[in-house]
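Working notes, structure below.
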Amino acid sequence: MQANYNFTEIEKKWQTHWEKTQQFQTTEEPGRDKFYLLEMFPYPSGKLHMGHVRNYSIGDVIARHLTMKGKNVLHPMGWDSFGLPAENAAIKNGIHPNVWTWDNITEMREQLKTLGFSYDWEREVATCHPDYYKWMQWIFIQFFNHGLAYKKKNPVNWCPSCQTVLANEQVVEGGCERCHTPVGKKDLEQWYLKITDYAERLLNDMDGLDGWPTKVKTMQRNWIGKSIGAEVDFPISGFAETMRIFTTRPDTLFGVTYMVLSPEHPYVEKLVAGTEYQNQVADFRKKVQYLSDIDRTSTTLEKEGLFIGRYAVNPMNGKEVPIYIANYVLMDYGTGAIMAVPAHDQRDFDFAVKYEIPIVPVIDPCDDTIDLYDLKEAFVSEGKLINSGPFDGLDSETAIEQINQYLEKENIGKKTVNFRLRDWLISRQRYWGAPIPMLHCDHCGWVPERLENLPVLLPTDVEFTGKGESPLTTSKTFLEAECPTCGGKATREIDTMDTFLDSSWYFLRYTDAKNEMEIWDKDKAKYWMPVDQYIGGVEHAILHLLYARFFNKFLYDIGYAPSVEPFTNLLTQGMVLKDGTKMSKSKGNVVSPEEIIQKYGADTARLFILFAAPPEKELEWSDAGVEGSFRFLNRVYRLVFELRDELKDAPKEYTVATEDDKELAYHLHSAIKKVTEDLGNRFNFNTALSAVMILVNELYRYKTVRERNEGLLRHAVESLVLVLAPFTPHICEEMWEQLGHAGSLYKEPWPTYDEKATIKDEVEIVVQINGKGKEKIYVASGLSKEAFLEETLANPKVGALLEGRQVVKMIPVPGKLLNIVVK
RNA sequence: GCGCGCGUGGCGGAAUUGGCAGACGCACUAGAUUUAGGUUCUAGCGGUAACCCCGUGCAGGUUCAAGUCCUGUCGUGCGCACCA
């Protein structure tokens, strides 16, 4: 051991040791408590950033702590390695995506290793490896065989910059999730996964996810967007088909004064064909089509519409009402058509005022301040029904029930549940993804590739232009194939899968990552699943976490996933900021992990990140704070260096004798207790570390006292090294060795504490007068309420306080305070 | 507009159950060590000259006691948003 803390040497030494001894490789041990700890695997961009370091440092503390506590910990790592950046690099630099990606993986793996994370590298997966995407394709075929994958022509979100379609979830504020380019619409035939079949379960099963942040659950609930209402059919005068609408307010049916079709609604063309309205309607539709999604859905956009010369019949009262098309009705929600009740819906109200359509109130608010026949705005709450024939006088809730029954009895509608969630569009017109393992045959239609032919390999003879169709069309070898069903000529699907599919099941593959015969051994999956703790950025609250839950449920249904939900506990870590904003190249405020590791070592980097803020909060990077963490590690190192020779031979048994001993024992056991609780019950690493720092300060005090108790001191220093080990593993291994132990400290059990030692004989008590602290006194701890009151009153300081005052009440809180209420 | 968070010293943050507000760290100040700087060590560090007193965004309320609970309000961050 050198006198100076040589972190470079120490970290290299122990990383090599862990690798050589296969310290963190795990296998199933039935009967032993398992813990599956998972951090979101990274996209291999080539460079690790601070967000990664934070994510994985948090995970590593938990993994190492639980390992020391005797759990069988699964802690894997891998690569979400399909995706657009690789392809863009290929277009720009002429490097094949495969080469680019694997180079990056190699580089990032090395970086992760310099941070000393306790991964079982034997389980590493890369989604771009054929051994992985073979099973991705297998899952797709399972979806197809169960009727949950289908191809459909539909207007889809198109990112002109990425030259590909996007799922609804990947459109953020009308722009592409990745490049923020405004997204347009294109009519394309694409593959979809029927996630909507799982909407109800995805929603309901969240009730059991107590270990998830409310925020994430709320976001998913809103995204799924369940609304209960009714579908009602309105006959159209002079037209064979009826107009089906969805409403959440069947109680307002009698207040309908007009109807609206979405401009894209398939009926529109037929309804105006050959009429004087035909041209106007065509113009209007064109105008709406050119609007981007951002404008179309903006609340500030003026409502515009057009009467199309047709009338619908209200099935409740037989009244005819005009049919409009309008920009505020969207084709892809509900039925793409609405009934308009201007008196009780603000949007309809605005529209009715603009186009001078009658406003008929049917819900009485029972409020004198509202004049129902001269409304200034729509009354949108519930109330009592009026102008509603046989339903007059009912409150909204009862009316909804009775009207729904009436609708069903008369066969004009029924109670319906509607979801905001759309089916998941998974086709991508790009190269660097898993090929969709489907073939089209003129005789058999769309058929899946035979399982024994998987994987459908990505062809390598492909040109990258970044334009037009999927690059797979440029392959001479890929397109033509044999139909798996009839043996005739068939053509392969040229689109690849959205990379979010790859990351929707990797956590299951880790349980048996190298299996070539099946997707995973069910017994192995059963041993490890579900993931006990999942850690990652909140930006995945909807996309990844919803998709992964969907995949897991499907795989559960077909007997492959052992649990209904994949992730029991979820921790969403906060962002790493510098100067108050997210680190980014364009702002020039990026702090590179490599630099910090080189200057201070991985242990310092980890310590700073864990100490500066609680994990779920944002973390402001501070160079001075890093210095402080480095200083602390030096301080601990010096302490051990100075004491090691005498402590090596110190007795293992000891008795706490002097007041100084008691003080050290108190701090020792308090620190162990605090760290144990903060790591076990809640992940507050910052407060755990502050407890460790207090212990170090105490040890510096204790080593200067006249009568040192070597046995106690040894126990204290060794415990210090052990409780600090999950946070800063390398320096702790080194110190452990220097204290005379052979091998890794991760074979040591987690230190235990003596509750009695954490309680002082005498405790400080605050004496309050009317709730204000006046005196501090010491009394024995552990007293009953009565004895406590007696003791405190016997104290002369309290006596002095009572002098000349009229006591109304005494409130004793044993061990804490005495509040005396006086007049 | 709707939903969910968050507002505590110069800064990051602590106070887990309603019970001493400001743990721990950073920055700062003074002193010791050092030829000097750095390192290290010691002490101080919410406001106020000061004891009293005042202090957890603001205004109320409940309570013997409120950073913590309730009502309102302002600010801020995130999510969703013409969802019928």
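Here is how names work: the chains are called A, B, and so on, in the same order as the sequence lines, proteins then strands, and each is numbered from 1.
- One can place CG of A:L577 at 13 Å from C1' of B:C78, the figure rounded to the nearest angstrom.
- A:E764 comes within contact range of at least one nucleobase, with a heavy-atom separation under 4.0 Å.
- Heavy atoms of A:S227 sit under 4.0 angstrom from primed sugar atoms or phosphate atoms, though from no base atom.
- Nucleotide B:G1 forms a Watson-Crick or G-U wobble pair with B:C80, both donor-acceptor distances falling under 3.5 Å.
- Backbone-only contact: A:T248 has heavy atoms under 4.0 Å from sugar-phosphate atoms and none from a base.
- Base pairing of B:U29 is made with B:A43, judged by Watson-Crick or G-U wobble geometry with both donor-acceptor distances under 3.5 Å.
- When heavy atoms are screened at a 4.0 angstrom cut-off, A:K774 is found touching the sugar-phosphate backbone but no base atom.
- Of the charged side-chain nitrogens involved, at least one lies within less than 4.0 Å of a carboxylate oxygen, so that A:E663 and A:K760 count as a salt-bridged pair.
- Within the 6.0 Å centre-distance limit, the rings of A:Y258 and A:F351 are counted as a close aromatic pair.
- Note: CZ (A:F632) to P (B:U40) measures 13 Å, nearest angstrom.
- We find that NZ of A:K785 is positioned 15 Å from P of B:G19, with the value rounded to whole Å.
- Between A:W424 and A:F500, the ring center distance fails the sub-6.0 Å criterion.
- Between A:E304 and A:K287, at least one side-chain N (NZ, or NE/NH1/NH2) sits under 4.0 Å from a carboxylate O, which counts as a salt bridge.
- For the pair A:K303 NZ and B:C83 P, the computed distance is 8 Å after rounding to whole Å.
- Syn is the glycosidic conformation of B:G9, whose angle stays within 90° of 0.
- Taking only side-chain atoms of A:T247, from C-beta outward, the nucleotide of B:C24, B:A84, B:A27 with the closest atom is B:A84.
- Annotation: cation-pi pair A:R635/A:Y700 present, NZ/CZ under 6.0 Å from the ring centroid and within 45° of its normal.
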For nucleotides 60-67 of chain B, which of its nitrogen or oxygen atoms have a protein nitrogen or oxygen under 3.5 Å away, and what is each distance?
{"unit_1": "B:C64", "atom_1": "O2'", "unit_2": "A:N819", "atom_2": "ND2", "d": "3.2"}
{"unit_1": "B:C64", "atom_1": "O2", "unit_2": "A:N819", "atom_2": "ND2", "d": "2.5"}

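- Across the protein-nucleic acid pair, A:F630 atom CZ and B:G38 atom C1' stand 13 Å apart, rounded to whole Å.
- Atom NZ of A:K582 is separated from atom C1' of B:C78 by 13 Å (rounded to the nearest Å).
- Between the CE atom of A:M331 and the C1' atom of B:C83 there is a distance of 14 Å, rounded to whole Å.
- Nucleic acid contact for A:N418: none, since no nucleic acid atom lies under 4.0 Å from a heavy atom of the residue.
- When rounded to the nearest whole Å, the span between CD1 of A:I777 and P of B:G19 equals 20 Å.
- Using a 4.0 Å heavy-atom distance criterion, A:R635 is classed as a sugar-phosphate-only contact.
- Distance from the side chain of A:I542 is smallest to B:C80 among B:G19, B:C80, B:C82.
- With respect to A:Y5, the ring pair (Phe, Tyr, Trp, His ring centres under 6.0 Å) criterion is satisfied by exactly one of A:F632, A:Y600, A:Y637: A:Y637.
- Contact between the side-chain N/O atoms of A:R347 and the OP1/OP2 oxygens of B:C83 is found at a separation under 4.0 Å.
- Considering only the side chain of A:V766, B:C20 comes nearest among B:C78, B:C83, B:C20.
- Listed nucleotides: B:C4, B:G19, B:C24. Nearest to the side chain of A:L817: B:G19.
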Return the polar atom pairs (N/O with N/O) between nucleotides 6-13 of chain B and the protein under 3.5 Å, or none.
{"unit_1": "B:G12", "atom_1": "O2'", "unit_2": "A:A612", "atom_2": "O", "d": "2.6"}
{"unit_1": "B:G13", "atom_1": "O3'", "unit_2": "A:N686", "atom_2": "ND2", "d": "3.3"}

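- When the side-chain nitrogen and oxygen atoms of A:R631 are compared with OP1 and OP2 of B:C26, one or more of them lie within a distance under 4.0 Å.
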